K.L.:
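For reference, the structure I am asking about is given below.
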Amino acid sequence: DAGRRYNCTIIDIALAGAAIELAVRPAMGTPVTLGRMRARVVRHFQDGVAVEFTSAQEMLTVVQQNLRIN
């Protein structure tokens, strides 16, 4: 559903994509945004979906901008 927001839990994340626990299952290929990262749905599984980030470089930039070293 375009423009809708859903709560989700990130199960696993890497530079190429993420596995997300989610109550809804967008269709394969659906563009989504996870935080500020653009992605598309590439797989469904029992508790959610897997997404592939549009750009691994975009993901790396977001991670670097939000990385805090204590």
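Here the structure is a predicted model, which is why all the values come from computation and not from measurement.
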K.L.:
Any chance you could measure His44, atom NE2, to Leu22, atom CG, to the nearest 0.5 Å?
P.N.:
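CG of Leu22 is found 9.5 Å from NE2 of His44.
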K.L.:
On a heavy-atom basis, which atom in Leu15 and which in Phe53 lie closest, and how many Å separate them?
P.N.:
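Nearest heavy atoms, Leu15 then Phe53: O-CD1, 3.4 Å.
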K.L.:
When you group the ILVMFWY residues by side-chain heavy-atom contacts below 4.5 Å and let the links chain together, are Ile11 and Val51 in the same group?
P.N.:
no
K.L.:
How long is the gap from CD on Gln46 to CD on Glu21, to the nearest 0.5 Å?
P.N.:
10.0 Å
K.L.:
Is Ile10 reachable from Val24 through a run of I, L, V, M, F, W or Y residues, each pair having side-chain heavy atoms under 4.5 Å apart?
P.N.:
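They do share one cluster, since a chain of ILVMFWY contacts under 4.5 Å joins Val24 to Ile10.
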K.L.:
Let me confirm one number: the CD1-CZ distance from Ile20 to Phe45, rounded to the nearest 0.5 Å.
P.N.:
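Those atoms lie 8.0 Å apart.
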K.L.:
Within this structure, what is the CZ-CE distance for the pair Arg40 and Met28, rounded to the nearest 0.5 Å?
P.N.:
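Rounded to the nearest 0.5 Å, the CZ-CE separation comes to 8.0 Å.
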K.L.:
Check the pair Val49 / Cys8 against side chain to side chain contact (heavy atoms under 4.5 Å, CB included), numbers first and verdict last.
P.N.:
CA-CA 10 Å; Val49 298; Cys8 67; over 6 Å; no
K.L.:
Under the side chain to side chain contact (heavy atoms under 4.5 Å, CB included) rule, what do Val41 and Val32 come out as? Steps first, then yes or no, please.
P.N.:
CA-CA 7 Å; Val41 176; Val32 297; 4.0 Å; yes
K.L.:
Between Ala18 and Leu34, what is the shortest heavy-atom contact and its length?
P.N.:
CB-CD2, 4.0 Å
K.L.:
Supply the atom-to-atom distance Thr9 OG1 to Asp47 CG, rounded to the nearest 0.5 angstrom.
P.N.:
10.0 Å
